[in-house]
Undergrad: 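Below is one structure. I have some questions about it.
Position 1 is the first residue of the sequence, and the numbers go up from there.
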Amino acid sequence: MKNQFEKAEKQTELMRSMADKVGVDWSDLVAQNPELSHKFRHATLTCGQCKAAGECVDWQNEHDQAEHAPDYCRNKKIFEELRTL
């Protein structure tokens, strides 16, 4: 069971880091709009299903900030939607 929680924590951190890179502050968004917490959970689960975690880590290491998430990011659409809020 511990491995599942560790994996979930890593995926959550990877997703949050990508969000930060593209200008999405989950903490601020959910604090202002608690109903967005379901989108946070969905984005975390979506990230956990991605097969490009290694590419994602590499991309994040190469970018301090970015206009958009890379095309392979399964959360690209939700990040772009949330940036407009």
Undergrad: CG of N61: more than 12 outside heavy atoms within 6.0 angstrom?
TA: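 Count over threshold, so yes.
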Undergrad: How far apart are the closest heavy atoms of D25 and D20, and which atoms are they?
TA: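 The answer is CA-OD1, 4.5 Å.
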Undergrad: Using 0.5 Å steps for rounding, measure from the CG atom of L14 to the NZ atom of K7.
TA: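 Taking CG in L14 and NZ in K7, the distance rounds to 11.5 Å.
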Undergrad: To the nearest 0.5 angstrom, please state how far the SG atom of C56 sits from the CE atom of M15.
TA: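 Atom-to-atom, C56:SG and M15:CE are 11.0 Å apart.
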Undergrad: Just by distance, do the side chain of Q11 and the backbone of T44 share a donor-acceptor pair under 3.5 Å?
TA: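 Answer holds: no.
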Undergrad: Is a donor on one side and an acceptor on the other found under 3.5 Å between the side chain of Y72 and the backbone of E55?
TA: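 Yes.
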Undergrad: If you measure from CE on M18 to CZ on R74, what distance do you get to the nearest 0.5 Å?
TA: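 So the CE of M18 and the CZ of R74 are separated by 13.5 Å.
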Undergrad: Could you list the donor-acceptor pairs under 3.5 angstrom formed by side chains in residues 27-39, with sequence neighbours left out?
TA:
from : atom 1 : to  : atom 2 : distance (Å)
S27  : OG     : R16 : NH2    : 3.1
D28  : OD1    : Q32 : NE2    : 3.0
D28  : OD2    : Q32 : NE2    : 3.2
S37  : OG     : P34 : O      : 3.0
H38  : ND1    : E35 : O      : 2.5
K39  : NZ     : E81 : OE2    : 2.7

Undergrad: With a 4.5 Å limit on heavy-atom distance, are the side chains of E67 and V22 in contact?
TA: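 Heavy-atom side-chain distance check fails, nothing below 4.5 Å.
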Undergrad: I need the C73 SG to I78 CD1 distance, nearest 0.5 Å.
TA: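 These two atoms lie 10.0 Å from each other.
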Undergrad: When you measure from the side chain of K21 to the backbone N and O of Q60, does any donor-acceptor pair fall under 3.5 Å?
TA: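 Indeed, once roles are kept as given, a pair shorter than 3.5 Å links the two residues.
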Undergrad: Can you list the residues that meet the ring pair (Phe, Tyr, Trp, His ring centres under 6.0 Å) rule with F40, with sequence neighbours excluded?
TA: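 F40 satisfies ring pair (Phe, Tyr, Trp, His ring centres under 6.0 Å) with W26 once adjacent residues are dropped.
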Undergrad: Provide the closest heavy-atom pair for R83 versus H68 in the form atom of the first, atom of the second, distance.
TA: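 Heavy atoms of R83 and H68 come nearest at NH1-N, 4.2 Å.
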